[in-house]
Amino acid sequence: MAVHTGPSVAKAPGKATVPGPRRPARTRESGVRRALSTHWYAWTMVAPVVIVLAIIVGYPLGRGIWLSLTDATEANVERTIGVNHIPATYEFTGLQNYVDAFGDPVFLQRLVWTIVWTVACVSITYSLGLALATLLNRQVAGRGFYRMALVVPWAIPGFVSVFSWNFLYNEKHGLLNKILVGGGIDAVPWLNDPTIAKLSVIAVNVWLGVPFMMVALLGGLQSIPGDLYEAAEMDGASAWQRFRHITLPGLRPVSTTVILLSTIWTFNMFPVIFLLTRGGPGDATEILVTQAFRMTFVDSPRNFSTSATWGVIILLLLLVFAFFYRRVLKKQGEVW
């Protein structure tokens, strides 16, 4: 018979058993090491992309933030003229550039027009995209052809589309004015009048953006169960009531995403403005990104610090918008 010689724990009546001393717990690996050891293949595949993004996005972003905190211009940056190397002489100025930007009437003017431009383009693009998606979601003759035709503007490179519209808008030789003159109407200065030029660039950007919006919303419409419409119709719901209480709530997940993307793209829509009007006439259609480009590559002397400041402000404005947009969605019960 085996005899137990280890320490025993006496169990007093009415009292809990006191456990003996535990062995020291094994040190756990850190979360990073465990993730690397478990998913090493995934990290290996992702590493090249991360490195490339760090080089082409991270470094310029960090460099831009640093320049926005200095007084760097074309006259005081490091440069080489012939055999002479001139060192940089710009100085750190802290947040002074940001204070100057928000006190600059030019910046405020560009900011207001950029917001108006973005709201107008996104709202019109969404409305037209939703209308076209609703029409193409029905069984109509030639639906496949219409879908393909409406996607063509999205398939054409943006700069080609803008150059085509520039030709159409030409005051003397443009097709639009030839049609108007042929009908006895005076030619319209599409790109030479400040107000008309603003409407013209909005029209071009809407024309470019509607196909994406239509395709995304059409996919959302096709994911809504048809039984809901049949049940609502049997209950006597009108077409507007079905659209309001079934279509719009069913499209909410898709709508929130495309509106956010369209807002970011439109706020930074450099090609349409620059290639169509160069910010003109005068500076009527200049938005924040085109003005920042002008300060860096067009104006003399080139002001790198102010241009970088405007770029950082644009990034911050979009981040703030995305943050509050996400909070609003969470309050409405949306997961994003």
Is Y59 reachable from I55 through a run of hydrophobic residues whose side-chain heavy atoms are each under 4.5 Å from the next? no
CD1-CG distance between I264 and L315, expressed to the nearest 0.5 angstrom: 10.0 Å
Is N177 reaching over with its side chain to a backbone N or O of V188, donor-acceptor style, under 3.5 angstrom? yes
List in chain and number order the residues that pass ring-ring contact (aromatic ring centres under 6.0 Å, His included) with F243, two or more places apart in sequence or in another chain; answer none if no residue qualifies. W240
Residue list, ring-ring contact (aromatic ring centres under 6.0 Å, His included) with F297, at least two apart or on another chain: F293
Determine whether L111 and L317 satisfy the following criterion, side-chain contact (heavy atoms from CB on, under 4.5 Å), listing intermediate values before the conclusion. CA-CA 10 Å; L111 177 61; L317 289 174; 3.7 Å; yes
When rounded to the nearest 0.5 angstrom, what is the spacing between CG in L180 and CD1 in I185? 5.0 Å
Show every side-chain hydrogen bond (donor to acceptor under 3.5 Å, both in side chains) that has at least one partner inside residues 193-212, sequence neighbours left out. none
Applying side-chain contact (heavy atoms from CB on, under 4.5 Å), run through W113 and L288 and close with a yes or a no. CA-CA 9 Å; W113 162 236; L288 289 175; over 6 Å; no
Between the main-chain N or O of A237 and the side-chain N or O of D235, is there a donor-acceptor pair closer than 3.5 Å? no
Which atoms form the tightest heavy-atom contact between A120 and S123, and what is the distance? O-OG, 3.1 Å
Within the supplied structure, the quantity of interest is the number of heavy atoms (other residues, nucleotides, ligands) at a distance under 6.0 Å from R79 CZ; does it exceed 12? yes
Test of understanding: clusters of I, L, V, M, F, W, Y form through side-chain heavy atoms closer than 4.5 Å, transitively. Do L316 and F323 belong to the same one? no
Connected via hydrophobic side-chain network under 4.5 Å: V320 and Y325: no
Do V52 and V50 land in one hydrophobic cluster if side-chain heavy atoms of ILVMFWY residues count as linked below 4.5 Å? no
Let me have the donor-acceptor pairs involving side chains of residues 92-99, under 3.5 Å, with sequence neighbours excluded, atom names and distances please.
residue: T93; atom: OG1; partner: L69; partner atom: O; Å: 3.3
residue: T93; atom: OG1; partner: T70; partner atom: O; Å: 3.4
residue: Q96; atom: NE2; partner: D100; partner atom: OD1; Å: 2.8
residue: N97; atom: ND2; partner: S68; partner atom: O; Å: 2.8
residue: N97; atom: ND2; partner: T70; partner atom: O; Å: 2.6
residue: Y98; atom: OH; partner: S68; partner atom: OG; Å: 2.7

Output a table of donor-acceptor pairs, distance under 3.5 Å, between side-chain atoms of residues 213-232 and any protein atom two or more places apart or on a different chain; print 'none' if there are none.
residue: S223; atom: OG; partner: G220; partner atom: O; Å: 2.6
residue: Y229; atom: OH; partner: T247; partner atom: OG1; Å: 2.7

Taking D71 for its side chain and Y90 for its backbone only, find out whether a donor-acceptor pair lies under 3.5 Å. no
Taking every heavy atom of V289 against every heavy atom of I314, the minimum-distance pair comes out as CG1-CD1, 3.6 Å
Contact between T125 and F212 at the side-chain level, heavy atoms closer than 4.5 Å - yes or no? no
Do L135 and V206 belong together in a cluster built from hydrophobic side chains that touch within less than 4.5 Å? no
Can you list everything that forms a side chain to side chain contact (heavy atoms under 4.5 Å, CB included) with P87? Sequence neighbours excluded, please. none
Can you check whether L61 reaches V312 side chain to side chain, under 4.5 Å on heavy atoms? no
S255 side, atom OG; L260 side, atom CG - distance, nearest 0.5 Å: 12.5 Å
Nearest 0.5 Å, please: how far is CZ in R110 from CD in Q291? 4.5 Å
N/O donor-acceptor pair under 3.5 Å between T290 side chain and E286 backbone: no
So side-chain hydrogen bond (donor to acceptor under 3.5 Å, both in side chains) across residues 159-173, not counting sequence neighbours, yields E171-N192
Hey, could you give me each pair passing side-chain hydrogen bond (donor to acceptor under 3.5 Å, both in side chains) that has a residue in residues 304-317? Not counting sequence neighbours. T296-S307, N303-S305, N303-T306
Just jot down the side-chain hydrogen bond (donor to acceptor under 3.5 Å, both in side chains) partners of D299, sequence neighbours excluded, or say none. none
Please set out all donor-acceptor pairs under 3.5 angstrom arising from side-chain atoms of residues 266-282, sequence neighbours excluded.
residue: T266; atom: OG1; partner: S262; partner atom: O; Å: 2.7
residue: T277; atom: OG1; partner: I273; partner atom: O; Å: 3.1
residue: T277; atom: OG1; partner: G279; partner atom: N; Å: 3.2
residue: T277; atom: OG1; partner: T285; partner atom: OG1; Å: 2.7

Go through the structure and list residues passing ring-ring contact (aromatic ring centres under 6.0 Å, His included) with F163, not counting sequence neighbours. none
Please give me the minimum heavy-atom distance between H245 and P249, naming the atom from each residue. O-CG, 3.4 Å
Pairwise distance CD(E233) to CZ(R242) - rounded to 0.5 angstrom: 5.0 Å
Please evaluate residues T80 and N84 with respect to the criterion side-chain contact (heavy atoms from CB on, under 4.5 Å), reporting the C-alpha separation (whole Å), side-chain torsions for both, the decisive distance (0.1 Å), and the verdict. CA-CA 6 Å; T80 301; N84 298 320; over 6 Å; no
Would you compute the distance between atom CZ of F304 and atom CG of N76 and round it to the nearest 0.5 angstrom? 9.0 Å
Using the side chain to side chain contact (heavy atoms under 4.5 Å, CB included) criterion, which residues pair with E78? Sequence neighbours excluded. H85, A88
